[in-house]
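Shown next, in structure tokens, is the structure this report addresses.
Positions are given from 1, in the same order as the sequence printed here. Quick caveat: nothing in here was measured; it's all calculated off a predicted structure.
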Amino acid sequence: SIYHDGSNSYIKDSGTGDLFVTGSAVYLRNPSDESMIDVRSGGDVSLYYANSKKFETTNDGTVTTGIATATGGLEINADSKYLKIGAGADLQLFHDGSNSRINNSTGSLKFKTATQYEFYNSGGTENLAIFNVDGSCELYYDNTKRIETTNDGVKITGIATCSNGLDTVGMLRESYN
């Protein structure tokens, strides 16, 4: 049925089965004739916000214009597919089937944190390195801290081997007579 109740107009299917709208192209417009939804034969569908196209289907997938918000996460469920960031895809995150990669082709790759960077093995059970803001940097071997920076310099646990000698310029030396 198609009717108007004095305030709103309705197209209502109250029977059994589905409601089909058929046409080589179907357009939904607001009263100002601004685009809301365009459906064209051949497969492309476009969604609009305030007459501005925000989402469209293509032969390769979809295109979103503006900010896309994913409240349940973002998943690229295939190997060797990239998450590309930047106008020239300058930052790329991807997994090639064997290794995960971060490629940065422009400028520096900078990291910021409020307190600490922590690097662990894949199981999260062994320390690899810890970098504390305004504090120590720690390097681990087989989950044992071997090198740590301190306010006085560097603390090494274990044997320190220097293949080309050790420069001790500026170090306090005890003289022997």
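Residues passing the salt bridge (Lys or Arg N to Asp or Glu O under 4.0 Å) test with Glu126: none are found, sequence neighbours excluded. With sequence neighbours excluded, the residues forming a salt bridge (Lys or Arg N to Asp or Glu O under 4.0 Å) with Asp44 are Arg40, listed by chain and number.
Remark: the backbone N or O of Ala129 is not paired with any side-chain donor or acceptor of Asn127 at under 3.5 angstrom. Formation of a donor-acceptor pair under 3.5 Å by the Ser32 side chain with backbone atoms of Glu34 is not found in this model. Side-chain N or O atoms of Thr57 include one that pairs as donor or acceptor with a backbone N or O of Gly43 at under 3.5 Å. For the pair Ser108 (side chain) and Lys110 (backbone), a donor-acceptor distance under 3.5 Å is absent.
When side chains are defined from C-beta on, Lys53 does not count as touching Thr65, because their heavy atoms never get closer than 4.5 Å. Contact of the His95 side chain with the Leu83 side chain is not registered, since no non-hydrogen atoms from C-beta on lie closer than 4.5 Å. A heavy-atom distance below 4.5 Å is found between the side chains of Gln116 and Ile130. The closest side-chain heavy-atom distance from Val63 to Glu56 is below 4.5 Å. Within the 4.5 Å cutoff, the side chain of Val45 has no heavy atoms near those of the Phe55 side chain.
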task = Show the numbers, then the answer: is there a side chain to side chain contact (heavy atoms under 4.5 Å, CB included) between Cys137 and Glu148?
result = CA-CA 6 Å; Cys137 297; Glu148 176 182 8; over 6 Å; no
key: Worked check of side chain to side chain contact (heavy atoms under 4.5 Å, CB included) between Lys54 and Leu47   = CA-CA 6 Å; Lys54 298 299 178 185; Leu47 304 177; 5.8 Å; no
Stepwise side chain to side chain contact (heavy atoms under 4.5 Å, CB included) check, Arg146 with Leu139 = CA-CA 6 Å; Arg146 293 298 182 189; Leu139 299 178; 5.9 Å; no
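Each of Tyr27 and Ile37 belongs to its own hydrophobic cluster when Ile, Leu, Val, Met, Phe, Trp and Tyr are linked at side-chain heavy-atom distances under 4.5 angstrom. Criterion: ILVMFWY side-chain heavy atoms under 4.5 Å apart, direct or through other members. Under it, Phe111 and Ile85 are part of a common hydrophobic cluster. Tyr117 and Leu128 end up in the same hydrophobic cluster when Ile, Leu, Val, Met, Phe, Trp and Tyr side chains are linked at under 4.5 Å. Leu109 and Phe131 fall within the same hydrophobic cluster, where Ile, Leu, Val, Met, Phe, Trp and Tyr residues are linked whenever their side-chain heavy atoms come under 4.5 Å apart, directly or through other members. Placement of Ile11 and Val21 in two distinct hydrophobic clusters is found when ILVMFWY residues are connected by side-chain heavy-atom separations under 4.5 Å, directly or transitively.
Across all their heavy atoms, Ile159 and Thr161 have their closest contact at CG2-OG1, 3.8 Å. Shown here for Thr125 and Asn143, the closest heavy-atom pair between the two residues is O-ND2, 3.8 Å. Taking all atoms of both residues into account, the shortest heavy-atom contact from Ala70 to Gly73 is CB-O, 3.2 Å. Tyr82 and Gln92 make their closest contact through CE2-OE1, 3.0 Å (heavy atoms, listed as atom of the first residue, atom of the second, distance). The nearest pair of heavy atoms linking Phe94 to Lys81 is CB-O, 3.3 Å. The two residues Ala114 and Val133 have their closest heavy-atom pair at O-CG2, 3.8 Å.
The structure places CG of Asn104 at 7.5 Å from CG of Asp90, a figure rounded to the nearest 0.5 Å. Taken from NZ in Lys155 to OG1 in Thr150, the straight-line distance is 8.5 Å, to the nearest 0.5 Å. Between the CG atom of Asp96 and the OG atom of Ser80 there is a distance of 5.5 Å, given to the nearest 0.5 Å. Atoms CG and OH, on Leu28 and Tyr48 in that order, are 11.5 Å from each other to the nearest 0.5 Å.
Atom OH of Tyr141 is surrounded by 12 or fewer heavy atoms from other residues, nucleotides or ligands within 6.0 Å. In this structure, Tyr49 places its OH atom where only 12 or fewer heavy-atom neighbours from other residues, nucleotides or ligands lie under 6.0 Å away. Atom CD1 of Ile102 is surrounded by 12 or fewer heavy atoms from other residues, nucleotides or ligands within 6.0 Å.
Between the side chains of Ser136 and Glu138, at least one donor N or O lies within less than 3.5 Å of an accepting N or O.
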